[in-house]
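Notes to accompany the following structure.
The chains referred to below are lettered A, B, ... by the order of the sequence lines, with proteins before strands, and numbering in each begins at 1.
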Number of protein chains: 2
Amino acid sequence: MAKPAHRSYSRYARQAAELLGLMIRNARIERGITVADVAERAGLSRGLVHRIEKGEMGSSVGAAFEVAVIVGLRLFEAEPTTLTRHLSMERDKLSLLPQSARTGTTKVKDDF
Amino acid sequence: MAKPAHRSYSRYARQAAELLGLMIRNARIERGITVADVAERAGLSRGLVHRIEKGEMGSSVGAAFEVAVIVGLRLFEAEPTTLTRHLSMERDKLSLLPQSARTGTTKVKDDF
DNA sequence: GAGGTATGCCTCATTCATGGACCATTTTAG
DNA sequence: CTAAAATGGTCCATGAATGAGGCATACCTC
């Protein structure tokens, strides 16, 4: 015991989580699905789905995103179809940055 | 052994998590911040930040969003400023749906 | 080249989230 | 209105995520 351990989150992070939760709930209600329904489809407990909708910071990304997908929410303004494209875009971007970053030394391994 | 326990996630959920991780990493590198730096600022361990960037489903929403905010990522296509607005929008939406949903009974409390 | 830093990844102890049961309240259906 | 369902919330055991440390590699600076 004697462990405060409470994480301190920034306001934006909290709001983002809350927003995600609300979007999920709204999407779910619009589709006329019950929490229990979503929980079953996601393979999660009702309690967890409920906490996700409440925007609790402790829920796992996996659970939250799974629920979001189930209620038909589009994550990151990307439809499932374009999600893959976004992914490769980010991947390409990544393979470019590491080396160069900002130093334009163009250090090629031509020491042969 | 004898405990598979592995959660089964949908493809989209996994991709979304991976995308978030890549976006975070790209944003971080573009800003020239180190993982250790981000970890310290977020009050998290390097290992966790690393896992978040890898898009692991187990990380908590709080940690992931906190990191995202720190590297200056815009969550849900919303800038910090508009996040609040999005929030109230979703809240309003919610207070409208529950009762009516699709039944247009327009049950007003005019029973006075 | 050498030296320093950042990253990637592993293991393990501790802490915390999760599932499940239960109950109160609200909402829907009849 | 009453009955049934859905939601919101609590408590607890247990499994899982986290933090810490260490180590190998990749990278940048000089």
Legend entry - NZ/NE/NH1/NH2 to OD/OE distance under 4.0 Å, A/R46 and A/E40: no
Inset, instruction - Report yes if at least one side-chain N or O of A/K54 is closer than 4.0 Å to OP1 or OP2 of D/dG9; otherwise report no. - result: yes
Inset, instruction - Return the value, rounded to whole Å, for the distance between atom CG of B/D37 and atom C1' of C/dA6. - result: 11 Å
Inset, instruction - Measure from CE on A/M57 to C1' on C/dC16 and round the result to the nearest Å. - result: 15 Å
Inset, instruction - Starting from P on D/dA26, measure out to CD1 on B/I29 and report it in whole angstrom. - result: 16 Å
Inset, instruction - Run the salt-bridge test on A/R28 and A/E53 with the 4.0 Å N-O cut-off and return the result as yes or no. - result: yes
Inset, instruction - Return the value, rounded to whole Å, for the distance between atom CD of B/E56 and atom C1' of D/dG19. - result: 15 Å
Legend entry - Pairwise 5' ranking along DNA chain C for B/G47 and B/S60, keeping only the more 5' one: B/G47
Legend entry - Closest nucleotide among C/dG19, D/dG19, D/dG8 to the A/R25 side chain: D/dG8
Legend entry - Linked, directly or transitively: A/V49 and A/M57 (ILVMFWY side chains, under 4.5 Å): no
Inset, instruction - Using only side-chain N and O atoms of B/R51, determine if any of them is under 4.0 Å from OP1 or OP2 of C/dC10. - result: no
Inset, instruction - Could you state the atom-to-atom distance from CD1 of B/I24 to P of C/dT7 in whole Å? - result: 14 Å
Inset, instruction - Could you tell me the separation between the CG atom of B/L48 and the P atom of C/dA17, rounded to a whole number of Å? - result: 13 Å
Legend entry - Aromatic ring pairing B/F76/B/F65, orientation class (parallel under 30°, perpendicular over 60°, tilted between): perpendicular
Inset, instruction - Measure the distance from CD1 on B/I33 to P on C/dT7 and round it to the nearest whole Å. - result: 10 Å
Inset, instruction - Could you check how far CD of B/E40 sits from C1' of D/dG19, rounded to whole Å? - result: 14 Å
Legend entry - Under-4.0 Å side-chain N/O to phosphate OP1/OP2 contact, B/R28 with C/dT7: yes
Inset, instruction - Apply the test salt bridge (charged side-chain N to carboxylate O under 4.0 Å, His left out) to residues A/E56 and A/R14: give CA-CA distance (whole Å), side-chain angles for both, the deciding distance (0.1 Å), then the verdict. - result: CA-CA 8 Å; A/E56 294 199 5; A/R14 252 193 299 265; over 6 Å; no
Inset, instruction - Would you indicate, yes or no, if D/dT10 has its OP1 or OP2 atom less than 4.0 angstrom from a side-chain nitrogen or oxygen of A/R46? - result: no
Legend entry - Closest to side chain of A/S45, choosing from C/dG19, D/dA6, C/dA6: C/dG19
Legend entry - C/dT7 phosphate, OP1 or OP2, under 4.0 Å from B/H50 side-chain N/O: no
